[in-house]
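One structure below.
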Amino acid sequence: MCVFFSNLCCQGCHFPMRQDLDQPSCPAEYSRIQAVALSHTCMAPQNRRLAPVASSLCVKYSHRAVLVTGGLLAFSGMALGFLGLNMVWMYATTGFLQGLGISFSWTPAISIVSHYFSKKRALANAIASAGECAFAFTFGPFFQWLIGQYGWKGALLIIGGIQLNICVCGVLMRPLKSNCCLEASHSEIPPGSGASRIEKEEKSSTTHKTFNWRLVRRPEFVLYAMFGILAAMSFFVPPLFLVPLSYSLGIDESWTASLLSILAMVDFAGRLLCGWYANLHVTKTIHLLTMTITVISTSLMLMPLANNYLSLAIFTGFYGFFFGTTVAVHITVLADVVGMSDFDSALGLFMLIRSTGGFLGPPLAGLIVDMAGDYKAGFYMAGATLVLAAVFLVILDQFQQRSERGSQTNTKPEKSTLPYPSLHFLKLQNRIYQEHDVAV
């Protein structure tokens, strides 16, 4: 649960955009609030690009140390942003410094869950990632109330204090099993009797002490990274164009705001239900991810067909639910693809590579919308991109199946070296008969 709260605090850095705020009392205050909002919007992809740095520090030191450092950096960014000297200062403090802290907090919080759990890894990741949905549904009105009661400076300090609880979550994260414990267990194993096999299994379960950049050479990781790029290009589009699409349909502004609440609630439910279902091990996680991506692409393709609030809310609910299932299981699939020994390195590289999709997706969708003159074109683009992402998952699954069949073939017992085993059996049988005749 400390990872759940840590994710909630990490997502708590984002101020509501200016259209969600009441009109400030003076233009200077308005520009400060706008600078804070824009700094978080522009630095959000930067957090993902710093994921390899956080992962390498986790590998070299510990998840606890990196998470506590991230909490301190996030708090420092908010506290220094309280001074509000100018817009450049706001970008440097609440944008970069606080964004750096969030990157150092999010990466180890997600990574350590996969190390703690093996059989129930999917469910644990789903519960941990549900903190984002809890923030989206709860903290938005809370932040708006803070700004109304204490002003933007007071709200910055209070939010920084909330993010300081990330350090508490980090302290509660128990360090993983160390190498010295493994060495002690090796000394208790008697020589022979399969000791080498046990040593290999324990060696494969421990993480490397250096960041493994060679993962980019592994074809299965490259295929999954391509899926991540295409998925990120699509996932940023629906929240961006959902409100303008509803306005173009003539839906009232008060009803339009409820669409985002529906999106957050069904996203929360989708993560928990998918984590529970994946924990049953009825379906392979990669097959489950492929199915959810296919359903999301279908819902995005059908969303432009909505002509009123009810139909748009239904399609939004389908998208939000299966988006939640994707978020709940995609980290588990990454652990299955690369193995736990390289998981920390793979998570950092995957988030770095996936962030390129976040950079390319919204501008490309905006260009398509401008060329078509209709917001529906953005949803068609997102759906088509997800179809291509599902293709990479299918290719990855086929590649893994071939690898498994090859490993099973190599581990089969060796056949008899005699050219004619049946002739050998006949000779042995004749010898038995001869011995029986002599005995008689």
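We count residues from 1, following the sequence as given.
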- Query: Which distance, rounded to the nearest 0.5 Å, do you find between the CE of Met351 and the OG1 of Thr107?
  - Reply: 7.0 Å

- So, for Gly378 and Val369, which heavy atoms are closest and what is the spacing to 0.1 Å? N-CG2, 3.7 Å

- Query: What distance separates Leu249 CG from Asn307 CG, expressed to the nearest 0.5 Å?
  - Reply: 7.5 Å

- Task: Determine, for Asp397 against Lys284, whether the closest basic-nitrogen to carboxylate-oxygen distance falls under 4.0 angstrom.
- Result: yes

- Task: Give the minimum heavy-atom separation between Ser103 and Pro108, together with the two atoms involved.
- Result: O-CD, 4.3 Å

- Work out which heavy atom in Leu67 is nearest to a heavy atom in Cys169; give both atom names and the distance. CD2-C, 4.2 Å

- Pair Phe399-Ile395, side-chain contact (heavy atoms from CB on, under 4.5 Å): steps then yes or no: CA-CA 6 Å; Phe399 182 85; Ile395 297 174; 5.5 Å; no

- Query: Measuring from Ile251:CD1 to Leu310:CG, what's the distance to the nearest 0.5 Å?
  - Reply: 10.0 Å

- Check: Phe221 ring centroid to Tyr224 ring centroid under 6.0 Å: no

- Interatomic distance, CZ@Phe379 vs CZ@Phe315, rounded to 0.5 Å, equals 11.5 Å

- Note on the structure: So CZ of Phe343 and OG of Ser114: to nearest 0.5 Å the spacing works out to 3.5 Å

- Message: Over 60° means perpendicular and under 30° means parallel, so tell me whether Phe235 and Phe323 are parallel, tilted or perpendicular.
- Response: perpendicular

- Note on the structure: Smallest heavy-atom separation, Met301 atom then Tyr380 atom, equals O-CE2, 3.5 Å

